[in-house]
Amino acid sequence: MQKIVILPAMPRGIHSITRLVERELETILSTVESGILHVFLCHTSAAITINEDADPDVTLDMMDILDRIVPMHRQLYRHTAEGPDDMTSHALASLIGCSVTIPIQQGRMALGTWQGIHLCEFRHHARNRKLIATIHSIQ
Amino acid sequence: MQKIVILPAMPRGIHSITRLVERELETILSTVESGILHVFLCHTSAAITINEDADPDVTLDMMDILDRIVPMHRQLYRHTAEGPDDMTSHALASLIGCSVTIPIQQGRMALGTWQGIHLCEFRHHARNRKLIATIHSIQ
Amino acid sequence: MQKIVILPAMPRGIHSITRLVERELETILSTVESGILHVFLCHTSAAITINEDADPDVTLDMMDILDRIVPMHRQLYRHTAEGPDDMTSHALASLIGCSVTIPIQQGRMALGTWQGIHLCEFRHHARNRKLIATIHSIQ
């Protein structure tokens, strides 16, 4: 009831991972009538969130919005050893969060009509990212 | 141990739903000695959070603060099919989050003295909103 | 499987509490093969988050970033009875969040290499802060 999911390296930006997570967890989820799915991202320069999953423009707008909230101006930050996207990544990771918790109903994630899971990759040259999925059955 | 709660349509702004959630879950919670309550909002243009629940000014100030963080200027966004409050709603929903998780102690939510549950409605003309509450007993 | 942890009063800023939480929960966690740890902060003017836990500059930069996002200008807010850090504290608490949920593997928190738990103290003269830790075993 706990599974590690490795996400491939992705460019800086917001990416839907709904289908990938569904596929990886399909077998485990199908055995759960009711419960909760917790998906935890083991990193401090990326984030995981739930957002509108139909229009790809949302992911583009979202990254622009986050760049205005935490601008990539090197002179604003002390922690810049790994470049101008170093501290901004940690700040955005903390603002968005590193886990999502989703109800399970009848063997599937009970997401709303428009909801999907998004990986927010904040580094310009990131590698693979690791998720730990934990499934709690309540029956 | 899973219950759907329908919230009535509310105007754009932050609204305390503490009493409503307590009332809806009272019977289920009263059977749980220790555990966790997960409340999930099935939408991408509203959010759920825990905040100061005593002074109504907090909810007014909070909405102003969020409007400054993600300003409703149409020209900033690609995703505007449903109006100037379309993309701003998705962005704020993702920043605040679509679920809260609260400990249960002796059959009640173990909220701090000043804490309450707030629905953040980001659309000008929203309809009903749907919550899925999941209760995990650990005993 | 539920434990109250009292944090000592800390100055305004971001503080790593990873070691403190590990120490307080070591005995309970060691009995859990797989599961989830939920840590809930019972306050509305502080927050709890997961962030880079190696370089202390991250915590300094993070507080500066949050101060730019929700500036401490009294004239912006209605809710100022307890000073200029009153409403800003509530807003930041809601943006960052009052709980973290972490997978447990082989009796330990399964945090990523660089991840740690940070208390974000937003008040200038705060007192003790109370956490409620809940551990769910899934085996």
Side-chain angles (χ1 to χ4, degrees), chain A residues 14 16 18 32-39 47-70 91-106 108-120 134-139, chain B residues 1-5 28 32 35-49 65-66 68-82 86-102 122-123 127-138:
Chain A
I14 319 290
S16 175
T18 316
V32 177
E33 183 57 27
S34 301
I36 275 180
L37 166 66
H38 177 249
V39 183
I48 186 167
T49 188
I50 289 173
N51 211 333
E52 210 271 352
D53 209 28
D55 179 3
D57 277 351
V58 168
T59 61
L60 300 175
D61 280 343
M62 190 68 196
M63 194 66 243
D64 287 353
I65 290 167
L66 296 179
D67 280 336
R68 280 191 292 266
I69 295 174
V70 185
L92 292 172
S94 202
L95 277 166
I96 296 290
C98 66
S99 75
V100 293
T101 307
I102 300 167
I104 304 167
Q105 290 184 323
Q106 295 162 284
R108 300 182 57 187
M109 291 189 270
L111 290 166
T113 312
W114 304 105
Q115 289 180 312
I117 306 173
H118 288 188
L119 178 81
C120 308
T134 307
I135 290 96
H136 272 250
S137 173
I138 57 170
Q139 278 179 333
Chain B
M1 300 300 248
Q2 207 165 47
K3 186 179 178 182
I4 290 172
V5 175
I28 306 180
V32 177
I36 275 181
L37 166 65
H38 177 248
V39 184
F40 184 83
L41 177 70
C42 303
H43 303 274
T44 59
S45 50
I48 186 167
T49 189
I65 290 168
L66 296 179
R68 280 191 292 266
I69 295 174
V70 185
M72 214 184 278
H73 299 147
R74 202 179 192 128
Q75 72 279 10
L76 289 174
Y77 311 113
R78 299 165 186 83
H79 180 83
T80 56
E82 295 178 30
D86 192 347
M87 187 58 219
T88 55
S89 296
H90 298 318
L92 291 172
S94 202
L95 275 166
I96 296 291
C98 65
S99 75
V100 292
T101 307
I102 300 167
F122 298 127
R123 300 304 305 254
R127 286 184 261 180
N128 286 353
R129 296 297 192 176
K130 176 181 165 189
L131 300 175
I132 302 175
T134 307
I135 290 95
H136 273 250
S137 172
I138 57 170

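Treat the numbers as computed from the prediction; the structure is a model and nothing was measured. To find a chain, count down the sequence lines: A is the first, B the second, and so on, and within it residues start at 1.
- Atom-to-atom distance recorded for A/Ile50:CD1 and A/Met109:CE is 8.5 Å, nearest 0.5 angstrom.
- Of the inter-residue distances, the one linking B/Gln2 atom CD with B/Ile28 atom CD1 reads 9.5 Å to the nearest 0.5 angstrom.
- The candidate from A/Val100, A/Ile102, A/Ile36 with the greatest count of non-hydrogen atom pairs under 4.5 Å with chain B is A/Ile36.
- Ranking A/Thr113, A/Leu66, A/Asp55, A/Thr101 against chain B, the residue ahead of the rest is A/Thr101, based on heavy-atom pairs under 4.5 Å.
- Within the 4.5 Å cutoff, side-chain heavy atoms of B/Met87 are placed close to those of A/Met62.
- Ranked by heavy-atom pairs shorter than 4.5 Å toward chain B, the options A/His136, A/His118, A/Glu52 are led by A/Glu52.
- Remark: B/His79 NE2 to A/Asp61 CG distance equals 8.0 Å, nearest 0.5 Å.
- Only the side chain of A/Ile65 comes within contact range of chain B, with at least one heavy atom under 4.5 Å from a heavy atom of that chain.
- For B/Ala93, no part sits under 4.5 Å from any heavy atom of chain A, backbone or side chain.
- When B/Ser99, B/Cys98, B/Ser137 are compared by the number of non-hydrogen pairs under 4.5 Å with chain A, B/Cys98 comes out ahead.
- Of the listed residues (A/Leu95, A/Leu60, A/Asp53, A/Leu92), the one with the most heavy-atom contacts under 4.5 Å to chain B is A/Leu60.
- Taking chain B as the reference chain and counting heavy-atom pairs below 4.5 Å, the highest number among A/Thr49, A/Asp64, A/Ile69, A/Val58 is found for A/Val58.
- Only the backbone of B/His43 comes within contact range of chain A, with at least one heavy atom under 4.5 Å from a heavy atom of that chain.
- For B/Arg127, the CZ atom is loosely surrounded, since the number of other residues' heavy atoms within 6.0 Å does not exceed 12.
- With a 4.5 angstrom heavy-atom cutoff, B/Leu76 touches chain A via backbone and side-chain atoms both.
- Looking at B/Phe40, the atoms closer than 4.5 Å to chain A (heavy atoms on both sides) all sit in the side chain, from C-beta outward.
- The CD1 atom of A/Ile104 lies 12.0 Å from the CD atom of A/Gln106; values are rounded to the nearest 0.5 Å.
- Shown here for B/Ala133 and B/Leu37, the closest heavy-atom pair between the two residues is CB-CD1, 4.1 Å.
- Between A/Ser34 and B/Met1, the closest side-chain pair of non-hydrogen atoms is not below 4.5 Å.
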